[in-house]
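Presented below is the structure to which this report refers.
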Amino acid sequence: EVQLVESGGGLVQAGGSLRLSCAASGFTFDHYGVAWFRQVPGKEREGVSCISSDDGSEHYANFVKGRFTISSDRAKNTVYLQMNSLKPEDTAVYYCAIGADAAEAMGVIYLLGDIYWGQGTQVTVSS
């Protein structure tokens, strides 16, 4: 069974940092594209960052470039999202997801194929 479990969310002041983790079971990230999305109530879920299964390239939405870093630890089968210089507008529920591949086009992060989602972790940035 494919499972994705996010952790690391919490409350942080503006300018602070958090590192989100996405631990996988039932599969290995090597064979999938992986992405982080976020969603606030009343708005559509938006892609934040991804790692392509094709070439391992990393991609970021324009609104997090230079502040967030996605990485993976194969030994732990875990993907991370390091978030620095956080802003109140980064407040959202953050989701990890996998698909056949992940990519970015015109600043939009997306997944291909069947998509599996984690349960999400809340990130709140206070001003």
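Nothing fancy with the numbering, it's 1 onward along the sequence. All values reported here derive from a predicted model rather than from experimental measurement.
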Take Val12 and Ser17 through the side-chain contact (heavy atoms from CB on, under 4.5 Å) test and state the conclusion after the steps. CA-CA 7 Å; Val12 64; Ser17 299; over 6 Å; no

Nearest heavy-atom pair of [X] and [Y]: which atoms, and what distance?
X     : Y      : value
Ala92 : Val40  : CB-CG1, 3.6 Å
Gly8  : Leu18  : O-CD2, 3.8 Å
Phe63 : Gly47  : CZ-O, 3.5 Å
Val79 : Ser72  : CG2-CB, 4.0 Å
Gly99 : Leu111 : N-CD2, 3.8 Å
Pro88 : Ser127 : CG-CB, 3.9 Å

Output, in order, the C-alpha distance, side-chain angles, deciding distance and verdict of side-chain contact (heavy atoms from CB on, under 4.5 Å) for Phe68 and Leu86. CA-CA 9 Å; Phe68 290 11; Leu86 283 161; 3.8 Å; yes

Take atom [atom1] of [X] as the centre, draw a 6.0 Å sphere, and report whether it contains more than 12 heavy atoms from other residues, nucleotides or ligands.
X     : atom1 : value
Lys76 : NZ    : no
Asp55 : CG    : yes
Tyr95 : OH    : yes

[atom1]/[X] to [atom2]/[Y] distance, rounded to the nearest 0.5 angstrom?
X     : Y      : atom1 : atom2 : answer
Cys96 : Tyr116 : SG    : OH    : 14.0 Å
Asp30 : Ile51  : CG    : CD1   : 10.5 Å
Thr91 : Gln122 : OG1   : CD    : 7.0 Å
Cys50 : Glu104 : SG    : CD    : 7.5 Å
Gln39 : Phe37  : CD    : CZ    : 11.0 Å
Arg45 : Arg38  : CZ    : CZ    : 13.0 Å

Under the side chain to side chain donor-acceptor pair (under 3.5 Å) test, which residues partner Asp54, sequence neighbours left out?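 Asp54: no side chain to side chain donor-acceptor pair (under 3.5 Å) contacts found.
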
Could you tell me which residues satisfy side chain to side chain donor-acceptor pair (under 3.5 Å) with Tyr60, sequence neighbours excluded, listed by chain and number? Glu58

Does a side-chain heavy-atom distance below 4.5 Å link [X] with [Y]?
X     : Y     : result
Leu81 : Ser49 : yes
Met83 : Trp36 : no
Leu4  : Phe27 : yes

Side chain [X], main chain [Y], donor-acceptor under 3.5 Å:
X      : Y     : answer
Asp101 : Gly33 : no
Gln119 : Glu6  : yes
Asn77  : Phe29 : yes

Does Val93 belong to the same Ile/Leu/Val/Met/Phe/Trp/Tyr cluster as Trp117, with side-chain heavy atoms less than 4.5 Å apart forming each link?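 Yes, Val93 and Trp117 fall within the same hydrophobic cluster.
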
Going hydrophobic residue to hydrophobic residue with side-chain gaps under 4.5 angstrom, can you get from Val34 over to Val2? yes

Derivation of the side-chain contact (heavy atoms from CB on, under 4.5 Å) call for Tyr110 and Ile115: CA-CA 10 Å; Tyr110 61 95; Ile115 300 173; over 6 Å; no

